[in-house]
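The structure under discussion appears below in the form of C-alpha cells.
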Amino acid sequence: MGGGAGTVGSGAGVAGEPAAEGAPNRLRFGYGTNGLTDLRLDDALGLLADLGYSGVGLTLDHMHLDPLAPDLAARTRRVARRLTRLGLTATVETGARYVLDPRRKHGPSLLDPDPQRRADRVRLLIRAVQVAADLDAHAVHCFSGITPDGTPEATAWQRLADTLAPVLDAATGAGVPLAIEPEPGHLLGTLADFHHLRLLLGDPEPLGLTLDIGHCQCLEPQSPADCVRAAAPWLRHVQIEDMRRGVHEHLPFGDGEIDFPPVLRALAATGYQGLTVVELPRHSHAGPQLASQSLEFLRRADELAATPPTAHEASAPGGTS
C-alpha cells in the first residue's frame with residue numbers, strides 16, 4: 001500500500017459490549033468478501049479469523065453463499081456454524097454485480113421500469129434478510145440503483161419506496177435492520193437522499209443507513225468525520241476504504257486523501273456496535289495481502305484515534321472534545 005494522506009490504528013472490540021463509563025467504544029473491523037472473490041468462502045473466513053478480524057461483510061454471490069442455488073437454508077446453517085467456530089460476526093451485503101442478471105451490472109434494481117424485474121430484486125433482498133437472521137448478522141445492506149433513462153425523479157422515488165415496503169416488513173419480522181447505502185450516481189446517492197427516503201416512508205424503525213467512508217470523501221459537503229456524526233442516529237453498517245475527492249474509486253488505505261484517526265474517533269464516539277468493513281471489491285487479486293495490510297493500518301489509526309483530538313478537530317462544527 002502507498003503511504004499517502006491516510007493516517008494509520010488498536011484492535012477490534014468485542015461484539016455487543018458497550019464502552020466502559022468514560023471510555024471510547026472499541027470498533028470492530030471486518031473485511032468484505034467482495035474483495036476476496038478468488039478464495040473459497042471457507043478459506044476467506046479462515047483467513048479473516050487468523051488475521052484477527054472481528055467479522056465479515058458477506059456479499060451473497062454465485063461464488064460465496066449463492067442466494068439462488070438450491071438448499072440455501074442448509075448452506076446458510078453451515079456458514080453460521082463456521083462463523084461461530086471462528087468467532088466472527090457478519091453483515092449481509094447485496095452488492096453482487098451479476099447475481100441476478102449475467103449481462104447487466106447490478107441489474108435489475110429496485111428502480112427497474114419492469115415490475116417483474118423489480119420484484120426479482122425485492123425477492124433477493126427478502127432472501128438476504130432471512131439469511132441474515134439465520135447468521136445472526138447485525139444488518140442487511142442494500143442500495144437504490146441508478147435512475148433509469150426517461151424516469152421522472154418523483155416516479156423513481158415512489159418506485160423505491162414501494163419496492164422497499166415488503167423488504168422492510170421482512171426486516172421487521174426477522175428483527176434485522178435494513179441498511180441502505182448512499183451510492184454515487186444512484187438515485188439515493190447522499191446522506192440528504194437517505195433522509196428524503198426515510199421521511200417518504202414515514203421513518204420506519206427497521207430502515208437504517210450504510211455509511212461508506214470513502215463515499216463521504218468523494219462527494220459529501222461535510223468531512224467524513226462530520227458525516228459520521230451526522231449519520232450516527234441511523235447508522236447500522238459502515239464500509240471503509242480510502243478515496244479521493246470527486247473520484248469514485250475504492251482505494252487501499254494510504255492511496256487516497258482521507259485522514260482516518262478523526263473518522264475512527266468520531267465513529268467510536270457514536271457508540272456504534274456493528275462492523276466497520278473494509279470495502280475493496282476491485283482488489284480481489286491481492287485480497288489476502290490487502291486484508292492483512294488493511295487491518296494493520298486500521299489498528300494503527302485506531303490507536304491514534306484514542307488520543308485527544310487536535311484543537312482544530314475540537315473546534316470544528318460537530319467536533320468532539
Side-chain angles (χ1 to χ4, degrees), residues 59-60 91-97 99-101 104-129 132 139-174 176-222 224 226-239 246 248 279:
T59 296
L60 303 183
T91 303
V92 171
E93 302 198 0
T94 61
R97 294 185 180 96
V99 69
L100 288 176
D101 187 331
R104 292 175 55 200
K105 181 180 176 182
H106 297 314
S109 79
L110 294 170
L111 306 178
D112 197 286
D114 184 338
Q116 293 304 314
R117 289 178 62 78
R118 293 199 299 273
D120 289 343
R121 177 62 62 172
V122 169
R123 280 191 293 271
L124 176 66
L125 293 180
I126 291 174
R127 193 167 297 183
V129 168
V140 171
H141 149 276
C142 68
F143 47 75
S144 69
I146 297 169
T147 305
D149 290 342
T151 303
E153 185 175 355
T155 299
W157 280 110
Q158 191 57 54
R159 192 175 287 168
L160 180 61
D162 291 344
T163 52
L164 280 178
V167 184
L168 289 166
D169 288 343
T172 298
V176 178
L178 186 69
I180 194 163
E181 177 188 7
E183 181 76 22
H186 284 209
L187 173 69
L188 197 155
T190 65
L191 287 173
D193 292 334
F194 166 73
H195 291 299
H196 179 76
L197 175 68
R198 183 174 62 83
L199 297 177
L200 184 63
L201 287 167
D203 200 13
E205 194 279 333
L207 181 66
L209 175 69
T210 292
L211 187 69
D212 187 302
I213 300 303
H215 295 173
C216 297
Q217 176 69 22
C218 178
L219 53 67
E220 294 286 352
Q222 296 178 300
D226 282 339
C227 287
V228 168
R229 286 184 278 267
W234 302 276
L235 204 54
R236 301 295 179 267
H237 181 43
V238 175
Q239 297 172 343
H248 184 204
E279 181 80 355

Got [X] and [Y] here, is their nearest side-chain heavy-atom distance under 4.5 Å?
X      : Y      : result
Ile213 : Val228 : yes
Ser144 : Leu110 : no
Trp157 : Leu188 : yes
Ile146 : Ser109 : no
Leu209 : Leu191 : yes
Leu111 : Thr151 : no
Leu207 : Phe194 : yes
Leu164 : Ile180 : yes

Where [X] and [Y] come nearest, the two heavy atoms and their spacing:
X      : Y      : answer
Thr94  : Ala128 : CG2-CB, 3.7 Å
Gly189 : Leu219 : O-CD1, 3.8 Å
Ala139 : Thr91  : O-CG2, 3.4 Å
Val129 : Ala174 : CG1-CB, 3.7 Å
Leu168 : Pro204 : CD1-CG, 3.9 Å
Thr59  : Ala96  : CG2-N, 3.7 Å

Could you tell me which residues satisfy salt bridge (charged side-chain N to carboxylate O under 4.0 Å, His left out) with Asp162, sequence neighbours excluded, listed by chain and number?
->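 Checked Asp162 against salt bridge (charged side-chain N to carboxylate O under 4.0 Å, His left out); zero matches.
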Which residues satisfy the salt bridge (charged side-chain N to carboxylate O under 4.0 Å, His left out) test with Arg198, sequence neighbours excluded?
->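 Arg198 satisfies salt bridge (charged side-chain N to carboxylate O under 4.0 Å, His left out) with Asp203 only.
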Atom [atom1] of [X] and atom [atom2] of [Y]: how far apart are they, to the nearest 0.5 Å?
X      : Y      : atom1 : atom2 : answer
Cys216 : Gln239 : SG    : CD    : 11.0 Å
Leu200 : His195 : CG    : NE2   : 14.0 Å
Asp212 : His237 : CG    : NE2   : 9.0 Å

Thr210 side chain vs Ala179 backbone, donor-acceptor pair below 3.5 Å |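 Pair found, side chain donor or acceptor close to backbone of Ala179.
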Taking distance alone, no hydrogens or angles, what donor-acceptor pairs closer than 3.5 Å link side-chain atoms of residues 113-122 to residues at least two apart or in another chain?
unit_1: Asp114; atom_1: OD1; unit_2: Gln116; atom_2: N; d: 2.8
unit_1: Arg117; atom_1: NE; unit_2: Asp112; atom_2: OD2; d: 3.4
unit_1: Arg117; atom_1: NH2; unit_2: Asp101; atom_2: OD2; d: 2.8
unit_1: Arg118; atom_1: NH1; unit_2: Asp112; atom_2: O; d: 2.6
unit_1: Arg118; atom_1: NH1; unit_2: Pro113; atom_2: O; d: 3.2
unit_1: Asp120; atom_1: OD1; unit_2: Arg123; atom_2: NH2; d: 2.3
unit_1: Arg121; atom_1: NE; unit_2: Pro108; atom_2: O; d: 2.8
unit_1: Arg121; atom_1: NH2; unit_2: His106; atom_2: O; d: 3.2
unit_1: Arg121; atom_1: NH2; unit_2: Pro108; atom_2: O; d: 3.2

Output all residues satisfying side chain to side chain donor-acceptor pair (under 3.5 Å) with Glu181, sequence neighbours left out; order by chain, then residue number.
->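 So Glu181 forms a side chain to side chain donor-acceptor pair (under 3.5 Å) with His141, His215.
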Thr190: partners by side chain to side chain donor-acceptor pair (under 3.5 Å), with sequence neighbours left out |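 Side chain to side chain donor-acceptor pair (under 3.5 Å) check on Thr190 returns Asp193.
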By side chain to side chain contact (heavy atoms under 4.5 Å, CB included), which residues pair with Thr172, not counting sequence neighbours?
->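 Expected list: Pro206.
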